[in-house]
Amino acid sequence: MGKSFKNVGSRLILTLAAALTLVLITAFPTKAASKPSPITELKQIDDSSTSVEVSWSCLGGSDTRYKVEVSEQPSTGYIVVEENAYSTSEYITGLSAGKTYYVRVTPFVEDDDTIIWGDTSAPVKVVTAPDKAPATPVSYTHLR
């Protein structure tokens with residue numbers, strides 16, 4: 001009879017431990033990362049003949065990161081210029097002088113090994129400064 005009482009006691013303890021674990025799991029669920037807030041106020045804030053700087057707002061937390069893309073067309077041909085930015089501004093270099101480009105930004109968060117992408121912003125038109133090469137003076141001496 002001692003063995004049978006021991007078995008019942010062990011089973012009772014295991015059952016209570018399992019029930020307590022279940023209660024703790026359901027009472028204190030881990031919060032999964034949610035989709036990041038949308039990008040707002042994307043705009044050009046500076047330029048040079050070969051670069052532009054853009055900034056934006058996002059209500060995401062400190063774990064929100066950003067993918068920044070640039071294209072010569074508003075709907076196709078985007079090239080990633082930064083894919084792990086924590087900052088809400090980006091300096092884009094290697095552009096041509098006096099040219100129009102389009103920039104878009106996508107927020108994302110990483111939850112464990114899963115990336116949760118937010119909505120990509122509407123593209124914003126940006127323009128590099130014109131080339132500041134001095135104009136060549138016209139010489140009229142050959143006309144005499």
Side-chain angles (χ1 to χ4, degrees), residues 5-144:
F5 182 70
K6 200 175 193 181
N7 268 345
V8 170
S10 294
R11 287 184 182 163
L12 180 61
I13 290 172
L14 287 175
T15 302
L16 289 173
L20 180 60
T21 302
L22 184 61
V23 166
L24 290 174
I25 288 172
T26 56
F28 303 104
T30 58
K31 183 181 175 195
S34 58
K35 184 175 174 179
S37 297
I39 300 296
T40 59
E41 301 177 33
L42 175 58
K43 62 187 174 217
Q44 180 174 349
I45 58 172
D46 199 6
D47 65 40
S48 76
S49 61
T50 60
S51 66
V52 295
E53 186 175 9
V54 294
S55 71
W56 60 90
S57 295
C58 182
L59 296 177
S62 61
D63 59 340
T64 301
R65 293 182 282 174
Y66 305 97
K67 176 174 76 169
V68 181
E69 300 170 288
V70 65
S71 176
E72 294 180 14
Q73 302 297 319
S75 59
T76 61
Y78 280 88
I79 297 169
V80 175
V81 294
E82 176 61 56
E83 193 167 25
N84 204 20
Y86 281 97
S87 173
T88 54
S89 66
E90 185 66 29
Y91 191 69
I92 303 168
T93 61
L95 306 176
S96 298
K99 192 164 181 179
T100 298
Y101 293 91
Y102 296 87
V103 175
R104 65 185 186 185
V105 178
T106 307
F108 67 95
V109 293
E110 194 168 351
D111 185 24
D112 296 321
D113 290 330
T114 303
I115 293 178
I116 302 168
W117 293 98
D119 296 327
T120 300
S121 70
V124 169
K125 181 178 174 179
V126 297
V127 181
T128 54
D131 194 358
K132 295 182 180 177
T136 306
V138 177
S139 171
Y140 295 103
T141 56
H142 70 280
L143 296 176
R144 290 186 203 185

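Values reported hereafter were calculated over all heavy atoms of this structure, with side chains retained and with hydrogens, waters and symmetry mates removed.
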Item to complete: Could you pull out the closest heavy-atom pair between Ser49 and Pro130, with the gap in Å?
Response: CB-O, 4.0 Å
Practice prompt. Write down the atom of Pro123, the atom of Arg104, and the distance for their closest heavy-atom approach.
Written response: CA-CB, 4.2 Å
Practice prompt. Write out all pairs satisfying ring-ring contact (aromatic ring centres under 6.0 Å, His included) with one or both partners inside residues 42-71, taking only residues at least two apart or from two chains.
Written response: Trp56-Tyr66
Item to complete: Taking the side chain as every heavy atom from C-beta outward, state whether Pro107 and Trp117 have any pair of such atoms under 4.5 Å apart.
Response: no
Worksheet entry | Straight-line distance of Lys67 NZ to Ser121 OG, nearest 0.5 Å | 11.0 Å
Response to the item:
Separation between OG (Ser55) and CG (Leu42), nearest 0.5 Å, reads 7.5 Å
Discussion item. As a quick check of understanding, evaluate side-chain contact (heavy atoms from CB on, under 4.5 Å) for Tyr102 and Glu72, giving each step before the final call.
Written reply: CA-CA 6 Å; Tyr102 296 87; Glu72 294 180 14; over 6 Å; no
Worksheet item: Ser34 and Val109: which non-hydrogen atoms are nearest, and at how many Å?
Response: O-CG2, 3.7 Å
Worksheet item: If we only count heavy atoms from C-beta on, is the Val103 to Lys125 side-chain gap below 4.5 Å?
Response: no
Worksheet item: Going from CG on Asp63 to CD on Glu110, what distance comes out if it is rounded to the nearest 0.5 angstrom?
Response: 10.0 Å
Item to complete: Return yes if a side-chain donor-acceptor contact under 3.5 Å exists between Thr120 and Thr106, otherwise no.
Response: yes
Response to the item:
dist Glu53:CD -> Ser48:OG (nearest 0.5 Å) comes out at 10.5 Å
Worksheet item: Checking Ser96 side chain against Lys99 main chain: does a donor-acceptor pair fall under 3.5 Å?
Response: no
Worksheet entry | Counterpart residues, side chain to side chain contact (heavy atoms under 4.5 Å, CB included), relative to Val52 (two or more places apart) | Gln44, Asp47, Ile92, Leu95, Val126, Thr128
Discussion item. Any non-hydrogen side-chain atom of Tyr91 less than 4.5 Å from a side-chain atom of Ser51?
Written reply: yes
Worksheet entry | Stepwise side-chain contact (heavy atoms from CB on, under 4.5 Å) test for Asn84 and Phe108 | CA-CA 9 Å; Asn84 204 20; Phe108 67 95; 4.1 Å; yes
Worksheet item: What distance do Ile45 atom CD1 and Ser89 atom OG have between them, rounded to the nearest 0.5 Å?
Response: 5.5 Å
Fill in: Minimal non-hydrogen separation, Glu69 against Tyr78, with atom names
CB-CD2, 3.8 Å
Discussion item. Please determine whether side-chain contact (heavy atoms from CB on, under 4.5 Å) holds for the pair Glu83 and Arg65, giving the CA-CA distance in whole Å, both sets of side-chain angles, and the decisive distance to 0.1 Å.
Written reply: CA-CA 8 Å; Glu83 193 167 25; Arg65 293 182 282 174; over 6 Å; no
Item to complete: Take atom CG of Leu59 as the centre, draw a 6.0 Å sphere, and report whether it contains more than 12 heavy atoms from other residues, nucleotides or ligands.
Response: no
